[in-house]
Engineer: 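Structure provided below as C-alpha cells; questions to follow.
The analysis underlying the following values was restricted to heavy atoms, covering all of them including side chains, and did not include hydrogens, waters or symmetry mates. If you read the sequence from its start, that first residue is 1, and numbering goes on from there.
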Amino acid sequence: MPPSGDVLRLALVSGRNLTDLAARSAAPAGTWLVGSHGAETGRVTSHGVDAADLHLSPEQDATLAALRAGMADAAAGRRGAWVQDKPSAAVLHTRLSPAPDAEAAVAAADAVASRLGLHAMHGKDVVEVAVVPTSKGIAVERLREETEEDTGLRTLLLYAGDDTTDEAAFAVLRPGDLGVKVGPGPTLAAHRVADADALAALLRTLADRLEH
C-alpha cells in the first residue's frame, strides 16, 4: 500500500484501441485504460470496462472517411503493408514490409496526413493519423489533472514505455516524476531498463518498498 494518506493509481496508456488494450492487459479493477494515444479512455470494473463515449463531429467523420481511403491507397501495392482502422484514426503498419515498400508507404501516409491537415505520429513500424488531436503526452497530462482534482493531492508519475510515441509522455514529466525507457534508442527519460523483464523487476522492487 502507499504511505498513509497517499493514493496509488495504475493507468495503461497505449496506442492500441481500447477494446484491444483491455483484452490484452487483463488489468485489475480500478485501472485506468487510455487507448488510441489518448482518444479513448475507460476504467476497468468488476463487470468489464466502463468506457467514455467518443463523439466525432460531422466534419471529423468526413475527414476520417477520407483518411481511411487515403491510407488504404498508401498501403496498396506495398508488400507487407496494411491499415488498421480505429474509432478516430487510421494506422499504417509496415513491420512485415521490405525497406523500399515501407519507405514508400510511409511517405504516402505522411502525404495523406499533410493533405488533410492532420498530424502523423510515427512509432515502431507504424504511422498513425487521427482526426482527434491527441498524444500520449496529452493523455498523461489529462490523467494527472483528473487525479489531482479527484484526490486534492499532488500527483507524482512513474511512466515507462518502449515506443517512440512514449517520448511525448516523457516530455511532459515534471520534477519528482520518474520516466523509464524500456530498451534501446534515444530518449528523454531519465532512466532506462534493458527489457520488459527488467521493468517488471523494477516495479516489484518499488512495490516492496511501498509496502514497507
Engineer: Which pairs count as side-chain hydrogen bond (donor to acceptor under 3.5 Å, both in side chains) when at least one residue sits in residues 194-205, sequence neighbours excluded?
Structural biologist: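 Matches after skipping sequence neighbours: none remain.
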Engineer: Look at the side-chain heavy atoms of Ile, Leu, Val, Met, Phe, Trp and Tyr, link any pair under 4.5 Å apart, and say whether V13 and L10 land in one connected group.
Structural biologist: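 Result: no, two separate clusters.
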Engineer: Can you give me the closest heavy-atom contact between A189 and K181, atom names plus distance?
Structural biologist: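 Closest approach of A189 to K181, heavy atoms only: CB-N, 3.7 Å.
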Engineer: What donor-acceptor contacts under 3.5 angstrom involve side-chain atoms of residues 70-80, with partners at least two apart or in another chain?
Structural biologist:
unit_1: R78; atom_1: NH1; unit_2: A74; atom_2: O; d: 2.8
unit_1: R79; atom_1: NE; unit_2: D101; atom_2: OD2; d: 3.1
unit_1: R79; atom_1: NH2; unit_2: D101; atom_2: OD2; d: 3.0

Engineer: What heavy-atom pair brings T164 and G123 nearest, and what distance separates the two atoms?
Structural biologist: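 That closest heavy-atom pairing would be OG1-CA, 3.2 Å.
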Engineer: Same cluster or not: L67 versus V132, using hydrophobic residues (I, L, V, M, F, W, Y) connected whenever any side-chain heavy atoms lie under 4.5 Å apart?
Structural biologist: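 Both belong to a single hydrophobic cluster.
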Engineer: Compare every heavy atom of A11 with every heavy atom of L143, then report the nearest pair and how far apart it is.
Structural biologist: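 That closest heavy-atom pairing would be CD1-CB, 3.8 Å.
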Engineer: So how far is it from D20 CG to L33 CG, rounded to the nearest 0.5 Å?
Structural biologist: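 Reported to 0.5 Å precision, the distance equals 11.5 Å.
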Engineer: Cluster question for you: counting only ILVMFWY and a side-chain heavy-atom cut-off of under 4.5 Å, with indirect links fine, are V106 and V83 together?
Structural biologist: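 Cluster IDs for V106 and V83 match.
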Engineer: Report yes or no: do V131 and V129 belong to one cluster of Ile/Leu/Val/Met/Phe/Trp/Tyr joined by side chain heavy-atom distances under 4.5 Å?
Structural biologist: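 Result: yes, single cluster for both.
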Engineer: Is it true that W32 and L18 fall in one hydrophobic cluster, defined by side-chain heavy atoms closer than 4.5 Å?
Structural biologist: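 Per the 4.5 Å side-chain linkage, W32 and L18 are not co-clustered.
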Engineer: Is the side chain of R43 donor-acceptor paired with the backbone N or O of V49 at a distance under 3.5 Å, no angle test?
Structural biologist: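 No; zero donor-acceptor contacts below 3.5 Å.
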Engineer: Whether the side chain of T134 engages the backbone of H37 through a donor-acceptor N/O pair (distance < 3.5 Å, no angle test) should be reported.
Structural biologist: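 Yes; at least one donor-acceptor contact below 3.5 Å.
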Engineer: Say you draw a straight line from CG of L92 to NE2 of H122; how long is it, rounded to the nearest 0.5 Å?
Structural biologist: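 Here the rounded value is 9.5 Å.
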Engineer: Does the D166 side chain pair with the main chain of D163, one donor and one acceptor, at a distance under 3.5 Å?
Structural biologist: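 Such a contact is found between D166 side chain and D163 backbone.
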Engineer: Say whether, by atom type as modelled, one donor and one acceptor occur between the side chain of R144 and the main chain of L157 under 3.5 angstrom.
Structural biologist: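 It does not hold such a pair.
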Engineer: Measure across A120 and V127 and return the closest heavy-atom pair with its distance rounded to 0.1 Å.
Structural biologist: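 It is CB-CG1, 4.0 Å.
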Engineer: Within this structure, what is the OG1-CD distance for the pair T41 and E146, rounded to the nearest 0.5 Å?
Structural biologist: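 It comes to 7.0 Å.
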Engineer: State the NE2-OG distance between H119 and S114, to the nearest 0.5 angstrom.
Structural biologist: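 That separation rounds to 12.5 Å.
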Engineer: So do K124 and R95 actually touch side chain to side chain, heavy atoms under 4.5 Å?
Structural biologist: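 A side-chain contact is absent here, since even the closest heavy-atom pair is not under 4.5 Å.
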Engineer: Would you find a donor on one side and an acceptor on the other, under 3.5 Å apart, between the side chain of T63 and the backbone of L116?
Structural biologist: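 It does not hold such a pair.
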Engineer: If you compare all heavy atoms of H55 against all heavy atoms of Q60, which two are closest, and at what distance to 0.1 Å?
Structural biologist: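 Reported closest heavy-atom pair: O-OE1, 4.2 Å.
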Engineer: Determine whether D150 and R9 make a side-chain contact, defined as any pair of heavy atoms from C-beta on separated by less than 4.5 Å.
Structural biologist: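 In short, these two side chains touch, coming nearer than 4.5 Å.
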Engineer: Not counting sequence neighbours, which residues clear side chain to side chain donor-acceptor pair (under 3.5 Å) with Q84? List them please.
Structural biologist: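 Only H93 meet the side chain to side chain donor-acceptor pair (under 3.5 Å) criterion with Q84.
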Engineer: I'd like to know if the side chain of Y159 pairs up with that of D177 as donor and acceptor (distance under 3.5 Å, no hydrogens or angles considered).
Structural biologist: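 No donor-acceptor contact under 3.5 Å links the two side chains.
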Engineer: Does T94 use its side chain to pair, donor to acceptor, with the backbone of A81 at less than 3.5 Å?
Structural biologist: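 Absent.
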Engineer: Is the closest side-chain heavy-atom distance between E40 and T19 below 4.5 Å?
Structural biologist: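 No. Closest side-chain heavy atoms not under 4.5 Å.
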Engineer: Are L158 and L206 packed together at the side-chain level, in the sense that at least one heavy-atom pair is separated by less than 4.5 angstrom?
Structural biologist: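 With C-beta onward as the side chain, the pair touches.
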Engineer: What is the minimum heavy-atom distance between A89 and L64, and which atoms define it?
Structural biologist: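 In terms of heavy atoms, the two residues are closest at N-CD1, 3.7 Å.
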Engineer: Would a 4.5 Å heavy-atom cut-off, applied to side chains only, mark E128 and V126 as touching?
Structural biologist: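 No. Closest side-chain heavy atoms not under 4.5 Å.
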